[in-house]
Amino acid sequence: MFVLKHLWAGLFGGILMIAMPVSALIWPESWVMTRYDALLVVAVVTQALFFVYRLESWDEAVALIVFTALGLGMEFFNTARGNWAYPEGGLFTIAQVPLFVGFQYAAVGICILRMVRIFEMRFAPFPPYWIALGLAVLIYLNFFTQHLWVDIRVALFLATVLLFGRTRIWFRSGGRAGWMPMLLSLFLSALGVWLAENIGTLTGTWLYDGQAQGEAVSLATLGSWYLFLCVALMVALLVIPGATQRVSLTHDDV
């Protein structure tokens, strides 16, 4: 049940991960529609079907918009600086960024939001939420300022340990209660995203600066995904109705 719930939470992201290698194998350059545009169609149609069949809630729709905006903001900045690139063209592309990429960030955010709901997660002991949200804002800003001014990534890593080092994620699965250290959960989730990211580079969907097609993504990106998942979790808790009831300063309310 634990595994099935994870798969259900990551359904949207899983569909996108399948669509990338399949499209890379079958898509000829002679087709009128480009592969990037086809991936966008897959993402939009999938979301439309989720809403039609009520597989997605309104707060997940809000998360879709928020995470797409956050993701595209970083994409526009980093592609402009040459940190990574999308080698194929497409009609639905802005500033060399295919718009389907925004849905990939949304898939991460929606997955977290669904997991919080499906597993009935509670977070304790948890720092005051405004402090955690403030850290999330600093992390997101550092994704930009690290290239323009100063990189405070090490301080941000330390801040996550200081704030969440004692935090446990309490959850229920199959009628049983359990818990996991929050930082361990973030690291394992970052590892999962890193593995998924390799699907994108192995299929040539995107490439980092200096990376050859077929070459594995550097393990250094694990740190970036760990920090981004901190942001994603704080935003998800902000979007979920009654999120303040899911966090507490002590274990007493769990």
Shortest non-hydrogen separation from [X] to [Y] and the atoms involved:
{"X": "Phe171", "Y": "Ile169", "value": "CD2-O, 3.6 Å"}
{"X": "Ala159", "Y": "Leu135", "value": "CB-CD1, 3.8 Å"}
{"X": "Ala63", "Y": "Val239", "value": "N-CG1, 4.3 Å"}
{"X": "Gly204", "Y": "Tyr36", "value": "O-OH, 4.2 Å"}
{"X": "Met115", "Y": "Ala9", "value": "CG-CB, 3.4 Å"}
{"X": "Leu55", "Y": "Glu60", "value": "O-OE1, 4.0 Å"}

As an exercise, state the distance from [atom1] of [X] to [atom2] of [Y], rounded to the nearest 0.5 Å.
{"X": "Leu11", "Y": "His6", "atom1": "CG", "atom2": "NE2", "answer": "14.5 Å"}
{"X": "Leu156", "Y": "Leu163", "atom1": "CG", "atom2": "CG", "answer": "10.5 Å"}
{"X": "Asn142", "Y": "Phe144", "atom1": "CG", "atom2": "CZ", "answer": "10.5 Å"}
{"X": "Thr167", "Y": "Leu184", "atom1": "OG1", "atom2": "CG", "answer": "13.0 Å"}
{"X": "Arg122", "Y": "Arg172", "atom1": "CZ", "atom2": "CZ", "answer": "10.5 Å"}
{"X": "Leu233", "Y": "Met121", "atom1": "CG", "atom2": "CE", "answer": "8.5 Å"}

Hydrophobic cluster membership, with links at side-chain heavy-atom distances under 4.5 Å among I/L/V/M/F/W/Y: are [X] and [Y] in one?
{"X": "Leu148", "Y": "Ile152", "result": "yes"}
{"X": "Leu49", "Y": "Leu40", "result": "yes"}
{"X": "Trp225", "Y": "Val137", "result": "no"}
{"X": "Val66", "Y": "Phe51", "result": "no"}
{"X": "Trp27", "Y": "Leu207", "result": "no"}

### Under 3.5 Å side-chain donor-acceptor pair for Thr160 and Tyr226
yes

### Query
When you check the side-chain N and O atoms of Arg35 and Thr205, is any donor under 3.5 Å from an acceptor?
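Yes, side-chain donor-acceptor contact under 3.5 Å.
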
So, [X] side chain and [Y] main chain: donor-acceptor pair closer than 3.5 Å or not?
{"X": "Trp170", "Y": "Phe123", "result": "no"}
{"X": "Tyr129", "Y": "Leu237", "result": "no"}
{"X": "Gln47", "Y": "Val44", "result": "no"}
{"X": "Arg166", "Y": "Pro125", "result": "no"}
{"X": "Asp37", "Y": "Gly90", "result": "no"}
{"X": "Trp194", "Y": "Ser218", "result": "yes"}
{"X": "Asn78", "Y": "Met74", "result": "yes"}

### Query
Only one of Leu72, Val235, Ile112, Val108 clears side chain to side chain contact (heavy atoms under 4.5 Å, CB included) with Phe67; which?
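By the side chain to side chain contact (heavy atoms under 4.5 Å, CB included) criterion, Phe67 pairs with just one of Leu72, Val235, Ile112, Val108: Val235.
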
### Given Leu39, Leu64, Thr46, the one that forms side chain to side chain contact (heavy atoms under 4.5 Å, CB included) with Phe103
Leu64

So do [Y] and [X] actually touch side chain to side chain, heavy atoms under 4.5 Å?
{"X": "Leu186", "Y": "Phe164", "result": "no"}
{"X": "Asp209", "Y": "Asn83", "result": "no"}
{"X": "Arg168", "Y": "Met182", "result": "no"}
{"X": "Gln104", "Y": "Trp206", "result": "yes"}

### Query
When you look at CD of Gln96, are more than 12 heavy atoms from neighbouring residues, nucleotides or ligands closer to it than 6.0 Å?
no

### Task
Let me see the working for Tyr208 and Thr221 under side-chain contact (heavy atoms from CB on, under 4.5 Å), right down to the final yes or no.
CA-CA 11 Å; Tyr208 283 96; Thr221 61; 4.0 Å; yes

[X] ring center near [Y] ring center (under 6.0 Å):
{"X": "Phe228", "Y": "Tyr105", "value": "yes"}
{"X": "Phe92", "Y": "Phe100", "value": "no"}
{"X": "Phe143", "Y": "Phe77", "value": "no"}

### Task
Could you tell me how the ring of Phe50 sits relative to the ring of Phe12: parallel (under 30°), tilted (30 to 60°) or perpendicular (over 60°)?
perpendicular

### Message
The test is side-chain contact (heavy atoms from CB on, under 4.5 Å); show your working for Val41 and Met33 and say whether it passes.
### Response
CA-CA 10 Å; Val41 171; Met33 178 180 286; 4.2 Å; yes

### side-chain contact (heavy atoms from CB on, under 4.5 Å) assessment of Arg117 paired with Ser57
CA-CA 11 Å; Arg117 179 184 292 113; Ser57 61; 3.7 Å; yes

### Message
Would Leu99 and Ile94 count as a side-chain contact (heavy atoms from CB on, under 4.5 Å) here? Give the steps.
### Response
CA-CA 7 Å; Leu99 295 184; Ile94 299 176; 3.9 Å; yes

